[in-house]
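Below you'll find the structure, written out as C-alpha cells, and then a few comments.
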Number of protein chains: 2
Amino acid sequence: MERTVFFLDQKEMPSRWYNILPDLPEPLPPYISPATGKLATPQELSRIFPMELIKQEMSNEQYIDIPEEIQAIYRTWRPSGLHRAFQLEKALDTPAKIFYKYEGSSPAGSHKGNTAVAQAYYNKKEGIKRIATETGAGQWGSALSYSCAMFGIECKVYMVKVSYNQKPYRRILMETWGAKCVPSPSTDTKAGRDALAKDPLSGGSLGLAISEAVEDAVTHEGTHYSLGSVLNHVILHQTIIGQEAQKQMEMAGYYPDIVIGCVGGGSNFGGIANPFLKDKISGKHKNLRCIAVEPMACPSLTKGLYAFDYGDVAGMAPICKMYTLGHDFMPAPVHAGGLRYHGMSPLVSALYHHKLIEARAVFQIPTFEAGVLFARTEGILPAPESNHAIRVAIDEALTAKKEGKSKIILFNLSGHGHFDLASYDAYHQGKLEDYEYPIEGVKEAQKTLPKVSL
Amino acid sequence: MERTVFFLDQKEMPSRWYNILPDLPEPLPPYISPATGKLATPQELSRIFPMELIKQEMSNEQYIDIPEEIQAIYRTWRPSGLHRAFQLEKALDTPAKIFYKYEGSSPAGSHKGNTAVAQAYYNKKEGIKRIATETGAGQWGSALSYSCAMFGIECKVYMVKVSYNQKPYRRILMETWGAKCVPSPSTDTKAGRDALAKDPLSGGSLGLAISEAVEDAVTHEGTHYSLGSVLNHVILHQTIIGQEAQKQMEMAGYYPDIVIGCVGGGSNFGGIANPFLKDKISGKHKNLRCIAVEPMACPSLTKGLYAFDYGDVAGMAPICKMYTLGHDFMPAPVHAGGLRYHGMSPLVSALYHHKLIEARAVFQIPTFEAGVLFARTEGILPAPESNHAIRVAIDEALTAKKEGKSKIILFNLSGHGHFDLASYDAYHQGKLEDYEYPIEGVKEAQKTLPKVSL
C-alpha cells in the first residue's frame with residue numbers, strides 16, 4: 001500500500017546545511033557597500049549581522065553543521081512531511097506523479113522559521129539582546145517573533161502600514177509571541193518620521209520598513225537587523241527542506257524530473273532546489289529541471305536585468321548583482337505579498353544566469369484557481385505565494401498527460417494560507433485582477449541602477 | 001539525545017477505533033425519541049444518520065476497523081505528533097514531564113477532522129449526496145466541509161450569525177472547500193424563517209442552527225445531518241488520538257500519571273482518554289487519573305445534574321442521560337466557543353458518574369494566560385478551547401513541583417488558534433472577562449428537563 005505522507009524519523013533529520021556556493025560554475029560577484037561604493041567588508045556588515053552569519057554568507061564549505069540548539073527547536077515541526085498528491089493526480093487524470101514538501105506545519109506557518117530560528121540563535125550567541133526587522137504581509141515577522149521568543153530575545157517588527165491595518169491577525173500573532181509590532185512609517189525612527197512629515201497618511205512600503213529596521217538596529221545598543229530572504233545564509237538555512245525531501249523521495253522510490261518553487265527573494269526555492277541541483281551539477285542527474293515561479297506582476301528573473309542594484313528602496317542595503325526590475329520598481333498589489341520584491345537573491349540569480357534553473361512568470365488568477373483545486377483535492381489551504389508553485393506543478397502534470405509521460409514532479413508547499421483568506425474571498429467573488437508587467441515603468445526604474453566598477 | 005516530537009510511521013497508524021462501551025461498568029442509558037417519548041429506534045435515527053454510524057453508536061464490539069478509504073485521508077496528517085514540552089517544563093521549573101498530542105495539523109486545524117472524514121465516508125457509502133450541519137465558531141463546519149470535498153459530497157453549513165459576521169475567515173475556508181455556508185437564522189428553513197419573523201435582527205444560536213440543519217436534512221432528498229461531538233460514534237472516531245498517543249508514550253518510555261483534555265461535547269477528551277481508561281478499567285494502570293476541563297461559564301460536569309435532557313435547544317435531537325445545565329441554559333460568551341454546550345456526551349457523563357474520570361472548571365483569563373505561556377515556550381498557538389487543557393496541565397505540573405514528584409502529564413492540544421486571534425488580542429489588551437457560573441439561571445433551566453419514565 002502506497003503512503004500519502006512520507007515522514008522521516010527525527011533521528012534522520014539532516015544535521016548539516018548544504019552550501020551550494022563552492023559548487024557554482026564561478027564565484028558569486030561580491031557585495032558592494034552603498035556607503036563607500038567599494039567592496040563591502042565583514043566589519044561593515046557586522047554592524048547589523050552576527051559574525052557567524054557573515055561567515056556563512058561568504059563560506060566555501062560545502063556543508064555547515066546545524067548547532068544542536070537549532071536542531072532542538074527545528075524538532076518542534078521537523079522533519080516536515082513529504083506528501084504524494086494522489087487526489088490531485090486523480091483530478092488531473094495525469095500519468096505524472098506529484099509530490100510536495102509541506103512547510104506550513106511550522107508554528108508561524110511557513111518555511112521562514114528554518115532561517116528565523118538560526119538567525120535568532122547566532123544573534124543570541126553573540127550577546128545580542130534585541131533584533132529589529134521589517135515585514136510585509138507578516139510571514140517573516142511572525143517567524144522571527146516566534147524564534148526570538150524561543151531564545152529570549154526582544155523583537156521589534158516594522159510592519160508595512162497597509163498590511164498592519166489589513167491583517168490584524170498577523171500582528172496579534174507576533175504580539176502573542178512577545179514581539180513589539182508597529183506600523184511603518186512609524187515615529188520610532190528618523191526615516192519613519194521623515195516619511196510621515198512628507199505624507200502623514202502614507203501606507204508605507206517594504207523598502208521604507210527595511211530602512212526603519214536597519215536604522216533601529218544601528219541606533220540601539222545590543223540590537224541587530226535580520227533579513228528573511230535574498231541572502232546566501234538565508235538560503236543556506238532553507239536547504240534542510242531539500243535535503244529532507246531527497247531522503248523522502250528515496251523512501252518513495254523516485255527521483256524528481258522537475259523541482260518547483262515560487263520565488264520572491266528566492267529562499268524557499270533555493271531551499272528545496274539546491275540539494276537537488278548538487279546532483280545536476282555533479283552530472284549524477286544532469287537532466288533534472290528546476291523551475292522558479294514568479295508573479296507576472298513582478299517578474300524579476302524573466303523580465304529583469306542581471307545587474308548590480310540596491311537590495312532596498314532606500315539604498316541602505318548592500319549593492320549586489322542580481323536580476324532586478326530596478327530598486328524603485330513598485331509591483332502591483334498582488335495578494336502574494338511575499339513575492340513582491342524588485343530583485344532576486346544573488347545566488348538564485350547566478351543559478352539562472354548559468355542556466356542551471358528555469359524561470360516562469362504566472363498570472364494571479366490562475367494561481368488561485370490552482371490553489372482552490374489543491375485545497376479541494378489535497379485538503380491543505382495553501383498560501384497565495386505557494387499557489388504559484390502549485391500552478392506550474394499542475395501545468396507540468398498536464399503537459400506530461402498530453403505527452404503521455406509519467407514525469408515525477410516535486411514542489412515546495414512553502415506555507416499555509418490561514419491568514420490569507422481575504423484573498424481567497426476576493427477570488428471566489430471574481431474580484432481578483434491580473435496585472436500585466438508594466439514594461440515602461442521598469443525601463444524607468446532600471447535607469448536608477450547604481451554604477452559599479454570592480 | 002531526547003526528542004521533542006515522537007512521530008509514528010504511517011504503517012503504525014492504528015487501523016481500528018477503540019469502543020469503550022463494552023468496557024463500561026454498566027450499559028449506557030438508552031436514547032429517548034423526542035417525538036414519541038419512547039426508546040429511539042435505529043429506524044428513526046436513520047432519517048438523519050447512515051445506518052453504519054447508528055450501528056457504531058450502539059455497538060458492543062471493543063474494536064471497529066477503520067476502512068482503508070478513511071485511513072487514506074487520515075494519512076494527510078496522521079499519525080499526528082506527540083510532543084515533549086521541554087521548554088514549558090523549563091519555564092515552570094517543574095520535575096513533571098509534560099507531553100502533548102497535537103491535533104492542529106489537520107487541514108481544518110483541529111481533532112474534528114477525525115470524525116468528519118469518517119462521517120462523510122459512511123454517508124457517501126450509503127449514497128448520500130449532501131450533508132447539512134450547524135457550526136458555531138466554525139471548527140466543526142470547516143472540518144466537515146473539508147471531508148465532504150474529499151468524498152465529493154455537497155455540504156451545507158448553518159453558521160450562527162454572530163460568528164458568521166465575526167469570523168469571516170472560517171466562512172471563506174469552508175467556501176474554499178466548496179461548501180455552502182449561510183448565516184443562521186436563514187431564510188432557507190421554516191425554523192430560520194420563524195426566528196427571523198420573531199426577530200429580524202437575531203444573531204442566532206447553536207440550538208437554532210441545529211434545528212435548521214436537521215430540518216434541511218429531513219426535507220431534502222439524499223441529504224443527511226451530521227454532528228461533530230457528543231455522540232458515541234463521534235468519540236469512537238476520536239480514539240485514534242489516544243491509541244497513537246499510547247504507542248508514542250511507549251516510544252518516549254513513559255506511561256502517563258495524568259491525562260487531560262478540554263470538554264464541550266466531550267469528543268476530544270474521550271478521544272485521548274478512552275484508550276488509556278481501558279488500562280484503568282482493566283486494573284493494569286488503576287491509579288491513572290483523567291481530567292476533563294470545562295469552562296467555569298459552562299460547567300456541566302462539575303455543576304450540572306445527571307439527568308435525561310434534550311441534546312439541543314429546540315428539542316428535536318434525541319433525549320439522553322447526561323450531565324446537563326438544562327437545554328435552555330445560555331452560557332456567557334466565552335471565547336472557547338466549542339465548549340459552550342449545555343450538556344455533555346452521555347459517554348463522558350457515564351465515565352464521570354462511575355468516578356472513572358475527574359472534572360475541573362476553570363476561568364477564562366487563566367486559560368489565556370496558560371495559552372500565551374505555551375505559545376512563548378512551545379511555539380504553537382493553541383485554540384482557546386485547548387487552553388483549558390493547558391491550564392490544568394500547568395496546574396498539575398506546579399502541584400508536582402510543590403510535592404517534589406516527577407509526574408508524567410499528557411494532554412490533548414486539540415487545535416490551533418489561527419482563527420481565534422481576536423480573542424488573544426482581547427486578552428493582551430486586558431479586555432477579557434471571567435464569567436461566574438450563574439447558579440440561579442441554571443436552576444431555572446433545569447426545571448425544563450423532560451420527564452422520562454423507562
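Worth knowing before you read on, the calculation uses all heavy atoms, side chains too, and leaves out hydrogens, waters and symmetry mates. We name chains A, B, ... by the order of the sequence lines, and we start the count at 1 in each one. Model, not experiment: these values are computed from the prediction.
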- Taking B:Gln10 for the side chain and A:Val5 for the main chain, is one N or O donor matched with an acceptor at less than 3.5 Å? yes
- Region of B:Asp9 in contact with chain A, defined by heavy-atom distances below 4.5 Å: side chain
- Under 4.5 Å to a heavy atom of chain A? For B:His418 that would be both
- Checking heavy atoms, do the side chain of B:Ala108, its backbone, both or neither come under 4.5 Å from chain A? neither
- Starting at OG of B:Ser145, measure out to CZ of A:Arg376 and round the result to the nearest 0.5 Å. 10.5 Å
- Query: Within a radius of less than 6.0 Å around CD of A:Glu12, do more than 12 heavy atoms belonging to other residues, nucleotides or ligands occur?
  - Reply: yes
- Message: One pair to check against side-chain contact (heavy atoms from CB on, under 4.5 Å): A:Gln87 and B:Thr76. What are the steps and the verdict?
- Response: CA-CA 11 Å; A:Gln87 304 299 320; B:Thr76 302; over 6 Å; no
- Query: What residue in B:Phe7, B:Tyr146, B:Trp177 has the most heavy-atom pairs under 4.5 Å with chain A?
  - Reply: B:Trp177
- If you tally heavy-atom pairs under 4.5 Å between each of B:Glu175, B:His83, B:Arg78, B:Glu378 and chain A, the highest tally belongs to B:Glu175
- Ranked by heavy-atom pairs below 4.5 Å to chain B, first place among A:Tyr102, A:Tyr427, A:Tyr424 goes to A:Tyr424
- Between the side chains of B:Thr176 and A:His428, does any donor sit under 3.5 Å from an acceptor? yes
- Task: Test A:Arg170 against B:Leu421 for side-chain contact (heavy atoms from CB on, under 4.5 Å), laying out the working first.
- Result: CA-CA 9 Å; A:Arg170 277 280 177 201; B:Leu421 278 159; over 6 Å; no
- Task: Of all the heavy-atom pairs spanning A:Pro107 and B:Gly379, show the shortest one and how long it is.
- Result: CB-O, 3.5 Å
- In terms of the angle between their ring planes, are A:His416 and B:His416 parallel, tilted or perpendicular, with boundaries placed at 30° and 60°? parallel
- Item | Pairwise distance CG(B:Leu173) to CG(A:Asp425) - rounded to 0.5 angstrom | 11.5 Å
- Could you look at B:Ala72 and say if it's the side chain, the backbone, both or neither that has a heavy atom under 4.5 Å from chain A? backbone
- Note on the structure: Closest non-hydrogen contact found for A:Phe419 with B:Tyr169 is O-OH, 3.6 Å
- Task: Please test A:Thr377 against B:Met150 for side-chain contact (heavy atoms from CB on, under 4.5 Å), starting from the C-alpha separation and ending with a verdict.
- Result: CA-CA 6 Å; A:Thr377 50; B:Met150 293 304 103; 5.7 Å; no
- Query: How about B:Lys180: does its NZ atom have over 12 heavy atoms from other parts shown lying under 6.0 Å from it?
  - Reply: no
